[in-house]
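Side chains are part of it too, since the values below use all heavy atoms of this structure and drop only hydrogens, waters and symmetry mates. Counting starts at 1 for both ligands and their atoms, in listed order.
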Amino acid sequence: MIVVDAHVHMGPGLANHAAPPLLKAETVEQTLEIFDRSGIDVGCTFAPLIEGGDFEDYEYERSNRFIYDAAKRHADRFIGYCRVNPNLGQQALDEMRRCKEEYGFRGLKLHPDWEYFYLNGPTVRPILDRAAEYGWPVIFHTGYYPLSQPTLAMPLAEAYPTINFLLAHLSYRHTADAIVVAERCKNVYLETSGNATALAIREVLKSVGPGQLVYGSDLPYTEPDDVMEKIALQPELSADDRALILGGTMARLLGLNAATRSTVRAAAQGRLS
Ligand SMILES: [Zn+2]
């Protein structure tokens with residue numbers, strides 16, 4: 001079994017936060033320590049939100065570069081995801097190109113509330129055209145009215161059938177709507193991070209099934225062990241289905257092949273022994 005955390009933040013921008021995150025993931029070493037103690041083999045890793053302060057990086061360019069340096073040194077642990085602000089237009093597209101061609105990133109994170117755009121608004125379309133071209137999965141922060149409601153993802157999922165979309169946080173209090181989107185769109189996956197409750201996870205399992213539910217923690221804002229515990233608490237979840245949720249499905253979406261998996265496992269065992 002491989003454990004892939006679909007939602008990991010890392011980087012120096014975390015030091016800016018007015019309210020410090022629960023855990024420390026400003027450095028590669030701090031993040032790997034969390035991975036190791038929680039049994040995370042690989043993390044889909046992207047920049048934290050930028051709050052200003054000493055580390056100023058509203059274009060995410062320095063943050064993406066940081067993720068690249070980490071993924072280069074620890075290719076077996078970090079899968080780099082690009083982060084851009086769609087409102088920046090061509091600058092965002094240029095940064096995506098750098099992330100793909102220079103950095104070898106393999107996914108995209110977008111946050112409608114933080115970057116202030118409508119999840120299905122006009123600024124996001126060119127960004128998704130590019131993500132489709134690159135074959136990247138796209139993880140959206142989803143949650144509250146008006147910018148990031150999960151139902152806004154439905155027209156996007158229909159317009160971009162080749163993109164696999166992840167709706168983060170089970171869309172907080174809008175889990176019921178997220179379920180409707182996932183039921184209708186097979187390229188939509190619901191991701192467990194943040195304060196998703198064990199009950200919300202159960203609802204997803206009952207309605208959508210384990211194939212469209214993926215584990216993500218939102219580390220360092222959330223303790224990964226807590227999220228895994230909520231998955232472990234699910235009644236009548238088979239070992240195979242649990243393995244799919246914890247990493248099997250993400251491994252498939254990212255094209256991690258058997259060789260990658262055994263490399264990851266060997267690396268993990270090496271570190272633990
Ligand atoms: Zn997050």
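- Checked against the 6.0 Å centroid threshold, His7 and Phe46 count as a close aromatic pair.
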Can you give each donor-acceptor pair under 3.5 Å made by side-chain atoms of residues 119-133, sequence neighbours left out, with the distance rounded to 0.1 Å?
from	atom 1	to	atom 2	distance (Å)
Asp129	OD1	Tyr160	OH	2.7
Arg130	NH1	Leu93	O	3.1
Arg130	NH1	Tyr134	OH	3.3

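- Closer than 2.8 Å to the Zn ion (ligand 1) sit the protein N, O or S atoms His7 NE2, His9 NE2, Asp218 OD1.
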Under 3.5 Å donor-acceptor pairs involving side-chain atoms of residues 237-246, not counting sequence neighbours:
from	atom 1	to	atom 2	distance (Å)
Ser238	OG	Asp241	N	3.1
Ser238	OG	Asp241	OD2	3.4

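- Tyr221 and His17 have their aromatic ring centers within a separation under 6.0 angstrom.
- Of the listed residues (Leu166, Leu156, Val188, Leu108), just one forms a side chain to side chain contact (heavy atoms under 4.5 Å, CB included) with Phe140, and that residue is Leu156.
- Not counting sequence neighbours, the partners of Glu101 by the salt bridge (charged side-chain N to carboxylate O under 4.0 Å, His left out) test are Arg97.
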